[in-house]
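Quick note on labels: first sequence line is chain A, next is B, and so on, each numbered from 1. Atoms considered below: every heavy atom in the structure, side chains included; atoms not considered: hydrogens, waters and symmetry mates.
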There are 4 protein chains.
Amino acid sequence: MSGNEPRPDTGGPEQPTQAEPRPHTGRRRNEAARQAILDAALRLAGAGDGEPVTIDAIAKAAGVGKQTVYRWWPSKGAVLLDALIDRAGQDVTAAGGGTLREELRSFIATTFDAAQRDSTAAVLRTLLRESARDPHLAELLQRYTATRRTALHELLERGRGRGELAAGADLDLMVDQIYGLFWYRFVLGHGPLDVGVAERLTAALLPSPSTVPVLPA
Amino acid sequence: MSGNEPRPDTGGPEQPTQAEPRPHTGRRRNEAARQAILDAALRLAGAGDGEPVTIDAIAKAAGVGKQTVYRWWPSKGAVLLDALIDRAGQDVTAAGGGTLREELRSFIATTFDAAQRDSTAAVLRTLLRESARDPHLAELLQRYTATRRTALHELLERGRGRGELAAGADLDLMVDQIYGLFWYRFVLGHGPLDVGVAERLTAALLPSPSTVPVLPA
Amino acid sequence: MSGNEPRPDTGGPEQPTQAEPRPHTGRRRNEAARQAILDAALRLAGAGDGEPVTIDAIAKAAGVGKQTVYRWWPSKGAVLLDALIDRAGQDVTAAGGGTLREELRSFIATTFDAAQRDSTAAVLRTLLRESARDPHLAELLQRYTATRRTALHELLERGRGRGELAAGADLDLMVDQIYGLFWYRFVLGHGPLDVGVAERLTAALLPSPSTVPVLPA
Amino acid sequence: MSGNEPRPDTGGPEQPTQAEPRPHTGRRRNEAARQAILDAALRLAGAGDGEPVTIDAIAKAAGVGKQTVYRWWPSKGAVLLDALIDRAGQDVTAAGGGTLREELRSFIATTFDAAQRDSTAAVLRTLLRESARDPHLAELLQRYTATRRTALHELLERGRGRGELAAGADLDLMVDQIYGLFWYRFVLGHGPLDVGVAERLTAALLPSPSTVPVLPA
DNA sequence: CAATAAGCGAGACGGTACGTCGGGTCTTCAG
DNA sequence: CTGAAGACCCGACGTACCGTCTCGCTTATTG
């Protein structure tokens, strides 16, 4: 396949395909090993070739013993999730500072967009796959999605606080409509997840005042 | 997919746990074996004890050779999906004959309800689990969900035809909001899927005319 | 490999590799089917490609249902043995009419020769293979070898009757020395089975009086 | 973690029927597992009940995963052969120190005897069975028989060196007469393999000078 | 001539064993 | 004392044949 470049001190996050020796660090946790594992996990999960992403495969690709993986993560999926958060977690942090409508549309569009990037998409899919088998990962994933829901929920709350949303609006329902549609389309792939959809979804959730006086006077 | 004749004799459709011999049918497919396999699959998947639902287990529980399973279904999940459609598919057939609002609320509530029944829920979860590993099942599952979406889509179309929905309404988006929320909550289990939610979801999608004159004229 | 001898008409003429329809014969045994099965068995066993020679394979190659095989032969090996006897059994019939030494050498040489012919060799090997698994075939094979031993025994007896062998000679032992060496070399293939060996074996068993003093002094 | 009960030297080579846990040895091959596998293989093959001696059965009886068998042996028969050599190989080592006639008779008798012991006979038969299907084992078996032939050949050579055999004697032929008769009778079972036969076979191969005139005057 | 009785091609069936794969635990050994 | 290496036990996988079975057909014999 590809030639083996040295991967000098693992500051470099790129393993070409296989790993080569990395100095032991004695009694303390080897950060380089941790990085190598996360890298390898992302790389394999993101390869998109539908390979099963075995623990053995990750360990081998990272040039690491299986035990070193199990020592620090409880399951394969935990590694993946960790990798995802480490690398791709900050994407949708959705800086505020506009109308609710603008913020929401931006949030949704950014979410859609982040998931479309090939590597992330593959990792997400793999995560879902694995979470089906691994209850532990399922819980981690649930916790992770909870943080995303909370972020969105707070965005909506801020909007409601500014009076841009009816006081009785069911924010949880709105959040789940957004993320539900997102995951549903993401997993099944039967419909687009682009800016247009983000736009229309925003519109559907926040009927424009001119046509639909949802908001109190 | 296939019509189910009642399997008239054999009286009890319940094999307690193990099966008893069943007559050969020569070179024709043995319908009794098919039933036994589907029964066993549902029984095991619905047991809810989180057991992995092996093919060996299904075959053994059905009193059938493994090859007989593989002869007719390409994968474990295909068996489950077939079983699900055969047994539980007709639940949400959404009888018509009311206002769009009533029909929609009923459809959603029925969908939620069907998935809440323990046996169905377990089967659905097992299906998701397996579809993670098995691309073929994933496609089957996708096809199945497509039929459900179509059903819902037609319900909405009829409503629009009766003028109960704006001509420009994005029906696909609405469908995915509904099923998206459903699957999202079903899988993650972070929120309820009860009648109240069905109600509020309906309301969110069909704003009442008094408060929101969405409809023309 | 082996040339295809014509197998002149047989009624059901040439299967090239696969069979074509052959008329049913109603309630009596279909001789054409029998021939087709024996042919197919020999062909497969003699192919030498090391294929396992399945019953299914024989049936398919003969254009015959499995049951038709099982109806007439108790096991795969029985088919092979039957085929072998039918086709190749008469080879070593060892016409008499010389001195014992000449007859014996001829018998041995003919035996060696017959087994060397590629098609026969492969069938024999397959027979041995299968007889290891199939006790029934083992018995058949034993019966068959017994007839060969008897033939050889009678040859020796005739020689002894003519005074060409000591009255106390252990004919059974001699027979087994000959056939033992034959099978041993045939199966393991570590030594030749040619005319020279036949010659030397004969000499070893029938020491010529003139050269008898094998031992020096 | 590692608190396993001692079983300090494994001295007792007999697992009654089922095995008990054995300590891991980390990344080195587990010798205890190897022993357990060989023991189990011999035990099962020697049971004489004609059971097919499955790999699963060996693994289970040895308290070992199937993979551990396949990791070290290419086939079932290789295990058996290994076991045979390990356990029973030294039997016929043919101590020297007599006349050729005595040594040869002893060698043959010992060989016959070893094969008659029930456990060994069953193992041998199983080996033959398996070597029928497994070309790899066939080769191993061939190699093994070659070592036996060599041993016998050397015995004869030593005799010839001492002048007890004619310089032109065809030792290979003699060897194959001996082992040929042995295997022939062993496999077919149509004649005895006892001391008397050993005696007569020796006499046939080494005609005593005094009695040489086999042929009538 | 119809009815009967088999042989026949076909292939599904209940089983058993196969050899492979991946998971998670364990111990050794190099640094 | 860490981390690599990899053997270990386990159990599911999907395949290959086995020998049995029933079907629907064809045809020779019988009544």
Original post:
Phosphate oxygens OP1/OP2 of dG14(E): is one of them under 4.0 Å from a side-chain N or O of Thr68(B)?
Top reply: yes
**OP:** Measure the shortest side-chain to side-chain distance between Thr54(A) and Leu44(A) over non-hydrogen atoms and say whether it is less than 4.5 angstrom.
**Re:** no
Original post:
Which one, dA4(F), dA7(F), dC8(E), comes nearest to the side chain of Val64(A)?
Top reply: dA4(F)
**OP:** Can you measure from CG (Leu81(C)) to NE2 (His136(C)) and round to the nearest 0.5 angstrom?
**Re:** 9.5 Å
**OP:** Hey, which sits more toward the 5' end of DNA chain F by its nearest nucleotide, Gly65(D) or Pro74(B)?
**Re:** Gly65(D)
Original post:
Can you tell which of dC13(F), dA12(E), dC18(E) lies closest to the side chain of His24(B)?
Top reply: dA12(E)
**OP:** Taking only the side-chain nitrogens and oxygens of Lys76(B), find out if one of them lies under 4.0 Å from OP1 or OP2 of dC13(F).
**Re:** yes
**OP:** Write down the distance between CD (Gln35(B)) and P (dC13(E)), rounded to a whole number of angstrom.
**Re:** 13 Å
Subject >> Phosphate contact (dG7(E) OP1 or OP2) by Trp72(C) side-chain N/O below 4.0 Å >> reply: no
Subject >> Minimum-distance nucleotide to Arg71(B) side chain [options: dA12(E), dA7(F), dC18(F)] >> reply: dA12(E)
Subject >> Arg28(C) CZ - dT4(E) P separation (whole Å) >> reply: 21 Å
**OP:** Looking only at side-chain atoms of Tyr70(B), point me to the closest of dC8(E), dC13(F), dT28(E).
**Re:** dC13(F)
**OP:** Return the value, rounded to whole Å, for the distance between atom CD1 of Ile55(A) and atom C1' of dC10(F).
**Re:** 17 Å
**OP:** Ignoring backbone atoms, establish whether Thr25(D) has a side-chain N or O less than 4.0 Å from OP1 or OP2 of dT27(E).
**Re:** no
Original post:
Could you state the CG-P distance from Leu44(A) to dG22(E), rounded to the nearest angstrom?
Top reply: 12 Å
Original post:
How many Å lie between CG on Leu137(C) and P on dG19(F), as a whole number?
Top reply: 12 Å
Original post:
Just how far is it from atom CG of Leu80(C) to atom CG of Leu38(C), taken to the nearest 0.5 Å?
Top reply: 9.5 Å
Original post:
Please give, in whole Å, the distance from dA5(F) P to Ile58(A) CD1?
Top reply: 16 Å
Original post:
Counting only distance, no hydrogens or angles, is the base of dG11(F) paired donor-acceptor with the side chain of Lys66(D) under 3.5 Å?
Top reply: no
Subject >> Sequence-distant partners of Gln67(D), side-chain hydrogen bond (donor to acceptor under 3.5 Å, both in side chains), two or more places apart >> reply: none
Original post:
Between dG14(E), dG9(E), dA17(E), which nucleotide has the shortest distance from any of its atoms to the side chain of Arg22(B)?
Top reply: dG14(E)
Original post:
From Trp72(B) CH2 over to Ile37(B) CD1, what is the distance, rounded to the nearest 0.5 angstrom?
Top reply: 10.0 Å
Subject >> Out of dA12(E), dT15(F), dC21(E), whichever nucleotide has its closest atom nearest the side chain of Gln67(D) >> reply: dC21(E)
Original post:
Roughly how many Å is it from CG in Asp56(D) to C1' in dC9(F), rounded to a whole number?
Top reply: 14 Å
Original post:
How do Ala33(C) and Ala57(D) order along DNA chain E: which one's closest nucleotide is nearer the 5' end?
Top reply: Ala33(C)
Original post:
In whole angstrom, what separates Lys60(C)'s NZ from dC8(E)'s P?
Top reply: 19 Å
Subject >> By salt bridge (charged side-chain N to carboxylate O under 4.0 Å, His left out) - contacts of Arg34(D) (at least two apart) >> reply: Glu31(D), Asp86(D)
